[in-house]
2 protein chains.
Amino acid sequence: MPRPRHERFDCSPGCPVEATLALIGGKWKGVVLWHLLQGTLRFNEIRRRVSGVTQRMLTNQLRELESDGFVIRTVYPEVPPKVEYSLSERGRSLAPVILALQAWGEANVNVAGQRDVSG
Amino acid sequence: MPRPRHERFDCSPGCPVEATLALIGGKWKGVVLWHLLQGTLRFNEIRRRVSGVTQRMLTNQLRELESDGFVIRTVYPEVPPKVEYSLSERGRSLAPVILALQAWGEANVNVAGQRDVSG
DNA sequence: TCAGACGGTATCCTTTTTGATACTATGTGC
DNA sequence: GCACATAGTATCAAAAAGGATACCGTCTGA
């Protein structure tokens, strides 16, 4: 069972930054949260939208998001199975963070892979 | 040399989020960026502020931040050595992201023994 | 002479994270 | 019977990230 990268965050000023990052820094958590910000989704709907994620990883990330209180998992006792994922209030409170990440990425990450290092 | 976790980010909407996270998601990058947002710092100044980080990891994270164009490393050819780290323009452009992370963390992460965090 | 500060490297090792693959159960359509 | 869809587990392996420790050269101060 994966754990947060820090156990305590009373280190120093600036640590809330780390704390937040430790919660949403999983490889797929950002995109998943972003998609859930648009509305409730079923497992395979998320999986199709987040291209490249494996079933195992998606389960994993969703479980972590759930146990961190960001995501609500609703199981409908049907056959075939139906499970819906939606954001909790706490999850929605991340919106400004996710949107800031998105905005910066759109403005600064070149898809073509170019990188300007020379200042 | 560590690489970003994705090589391409043209996957789908939402991916700018992942792209940004891949760049600043290192264990100590958030705090380091936060501290550098306050001004230029020397290596050991950062090290003292970021409690818990080892010399190796700090070097590591700073090198990655440098090669991603966020941080400018200035070596003064003196003895004893003097190396200063400051944010590039690109680094400063992360301010809204870092501040969003900090704001959320301060509001939502239960920090045992946390006192005032100026900012 | 010995310790400490400076800003690192080099090496080894452990932990964490991620990926690939196969498997579960049930129902529907062909 | 067979494949597909649903939402997962289980298992094994690899890769990435992180940590501990020792070492480098030079200077200052005790």
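Chain letters run A, B, ... following the sequence lines, proteins first, then strands; residues in each count from 1. Only this structure's heavy atoms are used, side chains among them; waters, hydrogens and symmetry mates stay out.
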If I take atom [atom1] in residue [X] and atom [atom2] in nucleotide [N], what distance separates them, rounded to the nearest angstrom?
X	N	atom1	atom2	result
A:Leu58	C:dA20	CG	C1'	16 Å
A:Lys27	D:dA15	NZ	C1'	10 Å
B:Glu18	C:dT18	CD	C1'	13 Å
A:Ile46	D:dA5	CD1	P	18 Å
B:Met57	D:dA20	CE	P	11 Å
A:Leu21	C:dT17	CG	P	13 Å
A:Asn60	C:dT18	CG	C1'	9 Å
B:Leu65	D:dA17	CG	C1'	15 Å

With a 3.5 Å distance limit and no angle check, can you tell me whether [X] reaches the backbone of [Y] through a side-chain donor-acceptor pair?
X	Y	answer
A:Arg63	A:Leu58	no
B:Thr20	A:Leu101	yes
B:Glu45	B:Arg42	yes
B:Ser88	B:Ile72	no

Going 5' to 3' through nucleotides 1-9 of chain C and flagging B where a protein heavy-atom sits under 4.0 Å of the base, S where only the sugar-phosphate is that close, and - otherwise, we get -----BBBB

In chain order, what residues pass the side-chain contact (heavy atoms from CB on, under 4.5 Å) check against B:Val83, with sequence neighbours excluded?
B:Arg73, B:Val75, B:Tyr85

Have B:Glu18 and A:Trp28 got a donor and an acceptor in their side chains that come within less than 3.5 Å?
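Side-chain D/A pair, B:Glu18 to A:Trp28: absent.
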
